[in-house]
Amino acid sequence: MVHRVVFLGPPGAGKGTQAALIAKELGVPHLSTGDILRAAVGAKTPLGLQADGYMRAGGLVPDPLVLQILHERLDLPDARIGYLLDGFPRNLAQAEQLGTFSQVERVVSLEISPDLLVRRLSERRTCPKCQAVYNLSTKPPRVPGKCDLDGTALALRPDDQPEAISTRLKVYAEQTAPLLEYYRKRRLLRSVDASGTPSEVTAAIRKVLG
Ligand code: AP5
Ligand code: MG
């Protein structure tokens, strides 16, 4: 079984939803740079204060900051066996850096049409406390507006406003999509159709992970 896996995919493709399940199955930690950054923003740490503006606008946080958090996270004991990276790398420089300290075994590309993405993102609601993810039509919370896990009022992520969504899609196309070719050339890339139901997508990912 593979233990060093990267999920690539545009905003709203379902990376976080699928990574949470698949990481458990692989027995590796699910490392989302977006989740780590949002926790830092929420806690108003120096990193969070620096990252906040970039994230709200839908742009990328500068590489040195993201590389620092990735290094720190990969140094923790649970990441010794491997990782499932969600949201990293996001440009060629990050992919090159990752390659200098860890050998990725498989890259899964979640493929989906842009109109479905916008719908998923505008219907997403997240728990500001524990970051659990819901969807008004496909995964509603048990009590409307409240997190199933801790009862906190659910919110729209600041970068799920229409303007930030369109910036994120543009940033993905310009900076992240070139990684598909980068990993295809290295024979690590496997593509899955991410437009089906969550369980259909999970099954497709299991298949390409072998
Ligand atoms: P990040 O948090 O990584 O955001 P993203 O890549 O834009 O992806 P999302 O989290 O929005 O979508 P997802 O693919 O995880 O979808 P989800 O499973 O939630 O990054 C945020 C920001 O942080 C960046 O813009 C940047 O500023 C910064 N950042 C992070 N990493 C960085 C890096 N490496 N370098 C620089 N900056 C970085 O699903 C979406 C919705 O759809 C949910 O409501 C879900 O319930 C629903 N859904 C999921 N799957 C399905 C399905 N199959 N059918 C129906 N509904 C579904
Ligand atoms: Mg996510």
Side-chain angles (χ1 to χ4, degrees), residues 6-23 30-42 47-48 50-71 73-74 84-95 97-98 108-114 116-127 131-141 148 154-161 163-177 179 192-205:
V6 168
F7 277 8
L8 278 181
K15 300 181 297 296
T17 301
Q18 296 298 332
L21 286 165
I22 299 286
H30 165 202
L31 308 187
S32 157
T33 41
D35 284 349
I36 297 171
L37 287 165
R38 274 184 291 279
V41 170
L47 165 71
Q50 288 184 77
D52 194 18
Y54 297 103
M55 295 177 76
R56 272 177 198 282
L60 293 186
V61 173
D63 290 345
L65 290 179
V66 179
L67 282 161
Q68 188 194 327
I69 59 170
L70 188 83
H71 268 294
R73 185 59 189 84
L74 287 181
L84 199 173
L85 291 177
D86 155 11
F88 186 96
R90 249 178 152 98
N91 57 27
L92 286 167
Q94 292 182 9
Q97 279 294 317
L98 176 62
V108 179
S109 159
L110 302 183
E111 314 230 317
I112 184 166
S113 70
L116 257 180
L117 295 176
V118 174
R119 182 161 167 207
R120 284 186 186 177
L121 290 174
S122 48
E123 290 182 343
R124 173 166 60 188
R125 295 294 180 274
T126 50
C127 174
Q131 307 209 32
V133 173
Y134 300 88
N135 188 283
L136 296 180
S137 51
T138 60
K139 196 186 172 219
D148 291 354
L154 299 179
L156 190 69
R157 250 169 60 176
D159 60 348
D160 281 344
Q161 305 288 348
E163 206 175 309
I165 290 179
S166 88
T167 304
R168 285 158 66 207
L169 292 173
K170 198 162 161 258
V171 168
Y172 177 82
E174 289 173 1
Q175 302 203 39
T176 312
L179 295 181
V192 301
D193 176 6
S195 57
T197 64
S199 53
E200 285 168 349
V201 180
T202 307
I205 295 172

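Whatever order the structure lists them in is the order used to number ligands and atoms, beginning at 1. Because the structure is predicted, anything quoted here is derived from the model rather than measured.
Looking only at side-chain heavy atoms (C-beta outward), Pro198 and Thr138 stay at 4.5 Å or farther from each other.
A donor-acceptor pair under 3.5 Å is absent between the side-chain atoms of Thr126 and the main chain of Val133, judged by distance alone.
Residues satisfying the side-chain contact (heavy atoms from CB on, under 4.5 Å) criterion with Asp193, sequence neighbours excluded, are Ser195. Qualifying side-chain contact (heavy atoms from CB on, under 4.5 Å) partners for Pro10, counting only residues two or more places apart in sequence or in other chains: Ala13, Ile112, Leu117, Tyr172. Taking the side-chain contact (heavy atoms from CB on, under 4.5 Å) definition, one finds that Ser113 meets it with Asp115, Leu116, sequence neighbours left out.
Closer than 4.0 angstrom to ligand 1 lie heavy atoms from Pro10, Pro11, Gly12, Ala13, Gly14, Lys15, Gly16, Thr17, Thr33, Gly34, Leu37, Arg38, Met55, Gly59, Leu60, Val61, Val66, Gly87, Phe88, Arg90, Gln94, Arg120, Leu121, Arg124, Val133, Tyr134, Asn135, Thr138, Arg157, Asp159, Arg168, Gly196, Thr197, Pro198, Val201.
Here the closest heavy-atom approach between residue Leu98 and residue Leu85 is recorded as CD2-CD1, 3.8 Å.
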